[in-house]
Amino acid sequence: MSNTTISGLPLTRRGVLTAVTAAAAAHTVLRPPPASAARTRNVYDVIVVGAGFAGVTAARALRRKGLQVLILEARNRIGGRTWTTTFEGEQVEMGGVWVDPMQTHVWQEIEHQGVGLVADPAADRTLFPTTTDFGYFSLEEAFGRQGELLTRFCERAPELFPDPTNPLARVDLLRRVDPQTIRDRLNALRLTDLDEKWLTGATGGLGGGSDRGAYTQFLHWWALCNYNADQYYGINTYRPASGMADLAQGILTEAAADLRLNSPVRSITDNGREVTVRTKTGTTYTASSVVVAVPVNVWKTIEFGPALSPQRRRATSETFGVPTAQKLWLRLQTSLGNTYVHTPDGYPVDTLVPIKQLADSQLMVGFSGDQRLDVNNVAQVERAVRLVVPDARVLAVKGQNWGTDPYARGGWSFRRPGQLTGLLNAIQLPQGRISFATSDIASGWSGYVEGAMESGLRAAEQVTRYAIR
Ligand SMILES: Cc1cc2nc3c(=O)[nH]c(=O)nc-3n(C[C@H](O)[C@H](O)[C@H](O)COP(=O)(O)OP(=O)(O)OC[C@H]3O[C@@H](n4cnc5c(N)ncnc54)[C@H](O)[C@@H]3O)c2cc1C
């Protein structure tokens, strides 16, 4: 296992518990702008729509340029597809949670805020498919064999993604590969039944099923992990101890931008001189420019004037965020111990990760891409888990269906075939005075908080030229 050093502290991937950080950088809260006459008339330099990581990152960057910024957020909380809450008395995350030193923006933010990190407990065995059922395997056996399969699955990644933060560097080669789904690649490998089960367990669910996700998206993530199975497995290890909401709040506090919660935006109109934003409750705001920091899947729910470009319309109708993504927390009476569970395509629960042993039970977190499964129904979840662990007894569940969430309409981003070569460049560009920020359209870690921060910084840069008076 590889070691990483943060501010001089050695961290071992998948260590038991690691509190980090060295002295936090001085935390400068930007002075809130005075309540000018313009602001009391709802006039700003920039309006940011959406207070997920992309939105708060953009807002802080704009405030650092001395601009007056308003954030309009539909929900009654910030954080978007990250959401820190509680389950059975424990702090849990219903969305994005794990961070890694390879993800430089989010990692620097953690150091900057002086946030402690926790490493989730290392699994000590796996429950993986066998030819007929499921069986226990040692970590070495399971991840060693699956790592070899993944390496074979991704063997063209160095050639296709030589510079992972510039994913179109070899667009000439990618044009032929980008139309392929994960299923296409699996079929081309002519795997044994068992190898295919082990590979779909690691790839298919991430993209909303092997038939939905683009093969190039998986290759891109693999490239970001240095084309290395150990680093790929390691990215889901560390989480901020105080929660993702706290990390987002730290950015927001520093930005000291105006924030209106419970303010879903209905329309955004750019007349070439200024942009008017109207909320669903009818309040109108104007600004020199706007950063739209909502998920790609949500673009279609907002009226844009002029209309969105054809590429953006295609992106939002095809979806970027996985529309079937669900996350669930379980308290299980049957103690599996620290067992990591993977199921092949077609199972209602595709991954179970051990999080904490309690006195008489254990906490696990799982993922599902099956919209027929009600992840808040104990009996249904128990039936789903029993397909893998026949004597499982589920005592309590708490789940989040990101696909039916009106302000997400999907989970993490996983591009579909053709979207990298056909759409990404075009949808990263501004449209008049409107720029777009979301992890879904990041050049690097799209599908991660890191990508949200990358895109927020880009959008802030794009709109600045309109906002400087
Ligand atoms: C289950 C799950 C697990 C994940 N695991 C990880 C992980 O371990 N590590 C990791 O790095 N990433 C993970 N991700 C991905 C990560 O959470 C996202 O990529 C990232 O949070 C997206 O940030 P964003 O700002 O682009 O979008 P969002 O977080 O979706 O923010 C968009 C904001 O816009 C608001 N909004 C939407 N519509 C409107 C409107 N009309 N008006 C006003 N506001 C609106 C939303 O309410 C939201 O607050 C996971 C995601 C999910 C769903």
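For reference, positions follow the sequence shown, starting with 1. Read the numbers this way: they start at 1 and go in the same order the structure lists the ligands and their atoms.
- Annotation: side chain of Leu168 is in contact with side chain of Leu420 (closest heavy-atom distance under 4.5 Å).
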Inset, instruction - Would you sort out whether Asp345 and Thr200 count as a side chain to side chain donor-acceptor pair (under 3.5 Å), showing the intermediate values? - result: CA-CA 6 Å; Asp345 261 3; Thr200 60; 4.6 Å; no
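- Across Val106, Ile71, Val265, heavy-atom proximity to atom 40 (C) of ligand 1 is greatest for Val265.
- What sits closest to atom 23 (O) of ligand 1 on the protein, heavy atoms only, is Ala452 CB, 3.5 Å.
- Using a 4.5 Å cut-off on side-chain heavy atoms (C-beta onward), Ile355 and Met364 make no contact.
- Note: no N/O pair closer than 3.5 Å links Tyr407 and ligand 1 by distance alone.
- Inter-residue side-chain proximity for Arg212 and Pro323 is flagged as met; some heavy-atom pair is nearer than 4.5 Å.
- In terms of protein heavy atoms, atom 38 (N) of ligand 1 is closest to Val298 CG1, 3.5 Å.
- Between Pro295 and ligand 1, not a single N/O pair is under 3.5 Å apart.
- To the nearest 0.5 Å, atoms CG (Leu423) and CZ (Arg415) are separated by 10.0 Å.
- The one candidate from Tyr215, Phe218, Trp221, Tyr448 that meets the ring pair (Phe, Tyr, Trp, His ring centres under 6.0 Å) condition with Phe414 is Trp221.
- When the heavy atoms of Tyr448, Trp412, Phe436 are ranked by distance to atom 1 (C) of ligand 1, first place goes to Trp412.
- Of all atoms in ligand 1, listed by their number and element, those nearer than 4.0 Å to a heavy atom of Val49 are 42 (N), 43 (C).
- In terms of protein heavy atoms, atom 47 (O) of ligand 1 is closest to Glu73 OE2, 2.6 Å.
- Side-chain contact between Lys398 and Thr85 is present, with at least one heavy-atom pair separated by less than 4.5 Å.
- Some N or O of Ala54 is nearer than 3.5 Å to an N or O of ligand 1, by distance alone.
- Close approach of ligand 1 to Gly411 (heavy-atom distance below 4.0 Å) involves ligand atoms 53 (C).
- Considering only non-hydrogen atoms, atom 36 (N) of ligand 1 lies nearest to Val294 out of Val449, Ile441, Asp440, Val294.
- The nearest protein atom to atom 7 (C) of ligand 1, hydrogens excluded, is given as Val97 N, 3.3 Å; this is a heavy-atom distance.
- Counting only non-hydrogen atoms, the option in Gly80, Ser455, Ala58 that gets closest to atom 48 (C) of ligand 1 is Gly80.
- Residue Arg75 has at least one nitrogen or oxygen atom sitting less than 3.5 Å from a nitrogen or oxygen atom of ligand 1, judged on distance alone.
- Listed by atom number, the atoms of ligand 1 under 4.0 Å from Gly50 heavy atoms are 33 (C), 34 (O), 35 (C), 44 (N).
- Considering backbone and side-chain N/O atoms, Ala74 comes within less than 3.5 Å of an N/O atom of ligand 1.
- Using a 4.5 Å cut-off on side-chain heavy atoms (C-beta onward), Met102 and Glu450 make no contact.
- Every atom of ligand 1 with a heavy atom of Pro264 under 4.0 Å away is listed here by number and element: 42 (N).
- Val99 and Leu117 get closest at one heavy-atom pair: CG2-CD2, 4.1 Å.
- At a heavy-atom cutoff of 4.0 Å, ligand 1 is contacted by no atom of Ala437, backbone or side chain.
- At least one side-chain heavy atom of Leu247 sits less than 4.5 Å from a side-chain heavy atom of Glu109.
- Residue contact check: Leu72 has heavy atoms under 4.0 Å from atoms 43 (C), 44 (N) of ligand 1.
- The N/O atoms of Thr438, backbone and side chain alike, include one that comes under 3.5 Å of an N/O atom in ligand 1.
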Inset, instruction - Please report the C-alpha distance between Glu318 and Arg416 in whole Å, then the side-chain angles of each, then the deciding distance to 0.1 Å, and finally whether the salt bridge (charged side-chain N to carboxylate O under 4.0 Å, His left out) criterion is met. - result: CA-CA 8 Å; Glu318 283 183 2; Arg416 302 190 67 186; 5.8 Å; no
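- For atom 5 (N) of ligand 1, the closest non-hydrogen atom on the protein side is Gly96 CA, 3.3 Å.
- In terms of protein heavy-atom proximity, atom 21 (O) of ligand 1 is closest to Thr82 CG2, 3.6 Å.
- What sits closest to atom 27 (O) of ligand 1 on the protein, heavy atoms only, is Arg81 NH2, 3.1 Å.
- Ligand 1 is approached by Gly95 to a heavy-atom distance shorter than 4.0 Å.
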Legend entry - Derivation and outcome, side chain to side chain contact (heavy atoms under 4.5 Å, CB included), residues Gln357 and Asn338: CA-CA 8 Å; Gln357 298 293 331; Asn338 279 336; 3.6 Å; yes
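- Shown in contact with Gly447 at under 4.0 Å from a heavy atom are these atoms of ligand 1, numbered in order with element: 12 (N), 13 (C), 14 (N), 15 (C), 19 (O).
- A 4.5 Å side-chain heavy-atom check between Asn166 and Phe161 finds every atom pair outside the cut-off.
- Closest to atom 9 (N) of ligand 1, if we only count protein heavy atoms, is Trp98 O, 2.9 Å.
- When the heavy-atom distances from atom 31 (O) of ligand 1 to Ala51, Gly52, Gly79 are ranked, the shortest goes to Gly52.
- Polar contact check, Gln103 against ligand 1: no nitrogen or oxygen pair lies under 3.5 Å apart.
- The contact set between ligand 1 and Ser439, taken as ligand atoms under 4.0 Å from a residue heavy atom, comprises 19 (O), 22 (C), 26 (O).
- For the side-chain contact (heavy atoms from CB on, under 4.5 Å) test with Tyr340, the passing option among Leu127, Thr351, Asp124 is Thr351; the others fail.
- Residues passing the salt bridge (Lys or Arg N to Asp or Glu O under 4.0 Å) test with Arg239 are Asp120, sequence neighbours excluded.
- Where the criterion is an N or O separation shorter than 3.5 Å, residue side chain and backbone included, Phe53 meets it with respect to ligand 1.
- The closest approach between any non-hydrogen atom of Gly451 and ligand 1 is not below 4.0 Å.
- Residues Ile427 and Phe320 form a side-chain contact, since some pair of their non-hydrogen atoms from C-beta on lies under 4.5 Å apart.
- Relative ring orientation between Trp222 and Tyr232 is described as tilted, the plane-to-plane angle lying within the 30° to 60° band.
- Minimum interatomic distance between Lys300 and Thr316 (heavy atoms only, all atoms of both residues): NZ-O, 2.6 Å.
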